[in-house]
Amino acid sequence: MEQVMIAADKELKKCRKLMRIAGKRLSDLQSLTISDMPSSSMYGNKVEDCLISQIDAQIELEEIYRAITWLSDDEQKLIFAKYFDRNKPSDRMIMDDLYLSEGKFYRRQNMALKDFAESFMGGRLFKNAYAACLKKYI
């Protein structure tokens with residue numbers, strides 16, 4: 001189970017970068033759209049590369065957001081604060097904002113990561129973690 005939570009944490013840690021690449025803010029996530037317009041004027045293959053990177057980031061953000069919508073409201077608040085907030089608040093700041101004790105915060109975070117892993121792309125994180133565990137024993 002720990003491998004699954006590590007994989008979910010790793011996936012979610014990419015969110016701020018994906019948002020920058022996709023040109024999206026947290027408020028845009030509820031209505032992600034793919035635009036065929038590059039965000040800046042470039043020439044040649046750079047336009048195509050930029051566009052492909054932007055679309056890939058938008059698609060991945062869409063999948064992440066879709067998985068997050070299956071979490072409870074409390075879990076969603078924790079995930080958005082920890083992985084999407086541009087200010088990168090510390091765990092202590094998030095605990096204080098959500099009025100959680102340290103123990104309750106980490107239990108809720110672990111549950112949110114597990115639930116996210118279950119719902120992200122049909123449980124892909126669970127499958128990958130399971131496969132990695134099998135490789136250790138073979």
Side-chain angles (χ1 to χ4, degrees):
M1 187 61 74
E2 186 175 333
Q3 291 288 67
V4 171
M5 290 185 287
I6 290 169
D9 180 66
K10 186 176 177 181
E11 186 67 35
L12 288 165
K13 281 183 177 175
K14 298 189 300 186
C15 289
R16 287 184 191 92
K17 179 181 178 182
L18 291 170
M19 289 169 59
R20 286 191 303 272
I21 292 169
K24 298 292 180 187
R25 297 193 184 286
L26 182 57
S27 58
D28 298 334
L29 285 181
Q30 293 183 5
S31 58
L32 284 176
T33 56
I34 296 175
S35 170
D36 60 352
M37 298 301 295
S39 58
S40 61
S41 59
M42 296 182 203
Y43 301 98
N45 288 337
K46 288 185 178 185
V47 172
E48 292 170 6
D49 293 344
C50 179
L51 187 58
I52 289 168
S53 294
Q54 191 175 17
I55 290 171
D56 287 345
Q58 287 180 2
I59 290 169
E60 190 163 357
L61 277 172
E62 215 171 87
E63 290 296 329
I64 290 169
Y65 182 74
R66 187 175 294 124
I68 290 171
T69 61
W70 289 100
L71 304 180
S72 72
D73 290 343
D74 291 338
E75 290 172 339
Q76 285 182 25
K77 288 175 189 171
L78 190 149
I79 293 293
F80 280 122
K82 185 162 179 79
Y83 298 102
F84 289 86
D85 190 328
R86 291 184 312 166
N87 297 322
K88 298 181 183 179
S90 67
D91 287 352
R92 174 58 54 197
M93 292 170 69
I94 297 169
M95 285 177 219
D96 292 345
D97 287 347
L98 299 178
Y99 303 105
L100 296 172
S101 67
E102 186 173 355
K104 192 166 187 175
F105 170 81
Y106 288 111
R107 282 190 300 277
R108 185 168 293 162
Q109 176 182 313
N110 289 341
M111 183 58 73
L113 290 173
K114 184 185 80 58
D115 290 349
F116 171 79
E118 286 175 348
S119 56
F120 180 67
M121 297 184 75
R124 182 182 85 182
L125 297 177
F126 265 102
K127 293 172 190 169
N128 292 348
Y130 180 70
C133 285
L134 285 179
K135 285 181 183 178
K136 283 182 183 180
Y137 297 109
I138 295 176

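Heavy atoms only: backbone and side chains are in, while hydrogens, waters and symmetry mates are out. These numbers come from a predicted model, not from an experiment.
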Student: For a quick test of your reading: what N or O donor-acceptor pairs under 3.5 Å do the side chains of residues 94-105 make, sequence neighbours left out?
Tutor:
unit_1 : atom_1 : unit_2 : atom_2 : d
Ser101 : OG     : Lys104 : N      : 3.2

Student: If you measure from NZ on Lys88 to CE on Met93, what distance do you get to the nearest 0.5 Å?
Tutor: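 Lys88 NZ to Met93 CE: 13.0 Å, rounded to 0.5 Å.
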
Student: Within a strict 4.5 Å, meaning less than it, do heavy atoms of the Leu12 and Phe116 side chains meet?
Tutor: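 Yes; the side chains approach each other to less than 4.5 Å.
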
Student: State, with a plain yes or no, whether a side-chain heavy atom of Gln109 is found less than 4.5 Å away from one of Tyr106.
Tutor: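 They are in contact (side-chain heavy atoms under 4.5 Å apart), so the answer is yes.
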
Student: Can you list the residues that meet the salt bridge (charged side-chain N to carboxylate O under 4.0 Å, His left out) rule with Asp115, with sequence neighbours excluded?
Tutor: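 Asp115 satisfies salt bridge (charged side-chain N to carboxylate O under 4.0 Å, His left out) with no other residue.
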
Student: Nearest heavy-atom pair of Leu113 and Asp9: which atoms, and what distance?
Tutor: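 In this case the closest contact between Leu113 and Asp9 is CD2-N, 3.9 Å.
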
Student: For residues Phe84 and Tyr65: do they belong to one hydrophobic cluster (side chain heavy atoms under 4.5 Å, members Ile, Leu, Val, Met, Phe, Trp, Tyr)?
Tutor: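 Linked, Phe84 and Tyr65 end up in one cluster.
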
Student: Restricting to side chain to side chain contact (heavy atoms under 4.5 Å, CB included), what partner residues turn up for Ser72, sequence neighbours left out?
Tutor: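 Applying side chain to side chain contact (heavy atoms under 4.5 Å, CB included) to Ser72 gives Asp74, Glu75.
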
Student: Just by modelled atom types, is the Asn87 backbone N or O under 3.5 Å from a matching donor or acceptor in the Asp85 side chain?
Tutor: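 Checked: pair present.
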
Student: Which atoms form the tightest heavy-atom contact between Gln76 and Leu71, and what is the distance?
Tutor: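 For Gln76 versus Leu71, the nearest heavy atoms are NE2-O, 3.0 Å.
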
Student: Contact between Tyr83 and Lys13 at the side-chain level, heavy atoms closer than 4.5 Å - yes or no?
Tutor: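 Yes, at least one pair of side-chain atoms sits under 4.5 Å.
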
Student: Take Asp56 and Ile21 through the side-chain contact (heavy atoms from CB on, under 4.5 Å) test and state the conclusion after the steps.
Tutor: CA-CA 9 Å; Asp56 287 345; Ile21 292 169; over 6 Å; no

Student: Are Leu18 and Phe80 linked, directly or through intermediate hydrophobic residues, by side-chain heavy-atom contacts shorter than 4.5 Å (ILVMFWY only)?
Tutor: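 As far as the 4.5 Å side-chain criterion goes, Leu18 and Phe80 are connected within one cluster.
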
Student: State plainly whether one hydrophobic cluster holds both Met19 and Phe120, where clusters connect Ile, Leu, Val, Met, Phe, Trp and Tyr through side-chain heavy atoms under 4.5 angstrom apart.
Tutor: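 Linked within one cluster.
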
Student: Considering all heavy atoms of both residues, which atom of Ser119 and which atom of Ala67 are nearest to each other, and what is their separation?
Tutor: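 Residues Ser119 and Ala67, closest heavy atoms: OG-O, 3.1 Å.
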
Student: To the nearest 0.5 Å, what is the distance between SG (Cys15) and CD1 (Ile79)?
Tutor: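 Spacing of SG (Cys15) from CD1 (Ile79) equals 9.0 Å.
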
Student: Please tell me if the side chains of Trp70 and Glu118 come closer than 4.5 Å, counting only heavy atoms from C-beta onward.
Tutor: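 Trp70 does not reach Glu118 side chain to side chain.
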
Student: Would you kindly confirm whether Met5 and Ile64 end up in one hydrophobic cluster when ILVMFWY residues are joined by side chain heavy atoms under 4.5 Å apart?
Tutor: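 Both belong to a single hydrophobic cluster.
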
